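All remarks here apply to the structure that follows.
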Amino acid sequence: QVQLVESGGGLVQAGGSLRLACVASRSGFMFNEMGWYRQAPGKQRELVAAITRGGITNFADSVKGRFTISRDNAKNSVYLQMNSLKPEDTAVYYCKAESILHMVYWGQGTQVTVSS
């Protein structure tokens with residue numbers, strides 16, 4: 001099975017930046033939409049940003065103007081550039097990818113903590 005390997009999470013101060021990366025463990029695997037979700041303690045998992053294979057993006061209102069999502073189709077990877085981080089961005093961030101056969105894969109989650 002395909003595994004999504006995440007990296008880039010950590011602890012940063014408010015106003016700082018982080019760049020998350022998610023790479024599929026299997027080469028030559030075709031994905032349609034890829035994206036990032038997050039879940040904070042006591043809250044439901046929510047969409048942060050998503051990007052189609054053609055490059056169309058979608059962002060949660062709370063991160064618009066601060067986060068940028070990009071992907072490399074050849075590498076089956078997706079990235080999330082997070083700028084101007086706020087304490088409310090603190091959450092576990094999950095990578096999600098949908099294959100062309102409509103199978104959904106999730107990363108293990110990476111912790112992002114923003115201190116004030």
Side-chain angles (χ1 to χ4, degrees):
Q1 293 185 351
V2 175
Q3 293 184 348
L4 303 180
V5 182
E6 300 163 321
S7 62
L11 173 64
V12 297
Q13 294 183 353
S17 298
L18 283 174
R19 183 175 177 85
L20 305 183
C22 173
V23 182
S25 61
R26 181 178 176 181
S27 62
F29 204 87
M30 302 294 291
F31 292 110
N32 288 327
E33 186 174 278
M34 303 183 75
W36 293 90
Y37 290 71
R38 68 185 181 187
Q39 186 167 21
K43 296 183 178 180
Q44 287 189 304
R45 187 174 299 186
E46 64 176 355
L47 171 71
V48 177
I51 183 169
T52 68
R53 187 169 183 84
I56 300 174
T57 59
N58 183 36
F59 297 92
D61 289 340
S62 60
V63 306
K64 287 181 179 178
R66 299 188 297 119
F67 291 9
T68 301
I69 189 170
S70 61
R71 65 185 289 173
D72 186 329
N73 292 335
K75 297 181 179 180
N76 289 324
S77 59
V78 62
Y79 308 89
L80 184 68
Q81 178 67 46
M82 303 184 292
N83 299 323
S84 301
L85 283 163
K86 305 175 181 179
E88 49 263 45
D89 294 319
T90 296
V92 177
Y93 284 69
Y94 298 89
C95 178
K96 179 186 177 183
E98 180 185 4
S99 75
I100 58 175
L101 296 179
H102 308 296
M103 296 184 66
V104 177
Y105 301 89
W106 289 92
Q108 79 285 355
T110 183
Q111 178 70 46
V112 172
T113 302
V114 184
S115 64
S116 182

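These numbers come from a predicted model, not from an experiment. Count residues from 1 along the sequence.
Between Ser115 and Val12, every side-chain heavy-atom pair lies at or beyond the 4.5 Å cut-off. Residues Gln3 and Trp106 fail the side-chain proximity criterion, which asks for heavy atoms closer than 4.5 Å. Under the 4.5 Å side-chain criterion, counting only non-hydrogen atoms from C-beta, Arg19 is in contact with Tyr79. Counting heavy atoms from C-beta outward, Met82 and Leu20 have side chains that approach closer than 4.5 Å. Ser99 has its side chain within reach of Tyr105: a pair of non-hydrogen atoms, C-beta onward, lies under 4.5 Å apart.
Among all heavy-atom pairs drawn from Thr90 and Val114, the shortest one is OG1-N, 2.9 Å. In terms of heavy atoms, Cys22 sits closest to Leu4 at SG-CB, 3.6 Å. Nearest heavy-atom pair across Ser17 and Ser84 is OG-N, 4.3 Å. Contact detail for Ala40 and Ala91: the closest heavy-atom pair is N-CB, 3.8 Å.
Asp61 has a carboxylate O that lies under 4.0 Å from a charged side-chain N of Lys64, or vice versa, which qualifies the two as a salt bridge. Taking 4.0 Å as the cut-off between side-chain N and carboxylate O, Arg38 and Glu46 count as a salt-bridged pair.
To the nearest 0.5 Å, atoms CD (Glu33) and NE2 (His102) are separated by 12.0 Å. We find the CD-CE distance between Glu98 and Met103 to be 11.0 Å, quoted to the nearest 0.5 Å. In this structure, CD1 in Ile100 is found 5.5 Å from CE in Met30, a value given to the nearest 0.5 Å. From Ile56, atom CD1 reaches atom CD1 of Ile51 across 9.5 Å, with rounding to the nearest 0.5 Å.
Cluster membership check: Leu80 does not share its hydrophobic cluster with Tyr37, using side-chain heavy-atom separations under 4.5 Å among Ile, Leu, Val, Met, Phe, Trp and Tyr. Val63 and Ile69 fall within the same hydrophobic cluster, defined by Ile, Leu, Val, Met, Phe, Trp and Tyr side-chain heavy atoms under 4.5 Å apart, directly or through other members. Hydrophobic clustering of Ile, Leu, Val, Met, Phe, Trp and Tyr side chains at less than 4.5 Å, counting indirect connections, keeps Val23 apart from Tyr93. A continuous path of hydrophobic side-chain contacts links Val104 to Leu47 [ILVMFWY only; heavy atoms under 4.5 Å]. In the hydrophobic cluster analysis, where Ile, Leu, Val, Met, Phe, Trp and Tyr join through side-chain heavy atoms closer than 4.5 angstrom, Val92 is grouped apart from Val112.
Put simply, the side chain of Gln108 never gets that close to the backbone of Val5: no donor and acceptor are under 3.5 Å apart. Side-chain atoms of Thr113 do not come within 3.5 Å of backbone N or O of Leu11 as any donor-acceptor pair. A donor-acceptor contact shorter than 3.5 Å is absent between the side chain of Gln81 and the backbone of Thr68. In this structure, the side chain of Asn58 does not engage the main chain of Ala50 through any donor-acceptor pair within 3.5 Å. A donor-acceptor distance shorter than 3.5 angstrom exists from the side chain of Arg71 to the backbone of Thr52, with no hydrogens or angles considered.
When ring centroids are compared, Phe67 and Trp36 stay outside the 6.0 Å threshold.
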- Message: If you apply the rule side-chain hydrogen bond (donor to acceptor under 3.5 Å, both in side chains), what do you find for Asp72 with Ser77, and how did you get there?
- Response: CA-CA 5 Å; Asp72 186 329; Ser77 59; 4.9 Å; no
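Applying the ring pair (Phe, Tyr, Trp, His ring centres under 6.0 Å) rule to Tyr94 yields no partners; only residues at least two apart in sequence or on another chain are considered.
Other residues, nucleotides and ligands place more than 12 heavy atoms under 6.0 Å from the CZ atom of Arg53. The environment of Glu88 atom CD is dense: over 12 non-hydrogen atoms of other residues, nucleotides or ligands sit within 6.0 angstrom.
The disulfide bond (SG atoms under 2.5 Å apart) pairs that include a residue from residues 58-89 number zero, where partners must be two or more places apart or lie in different chains.
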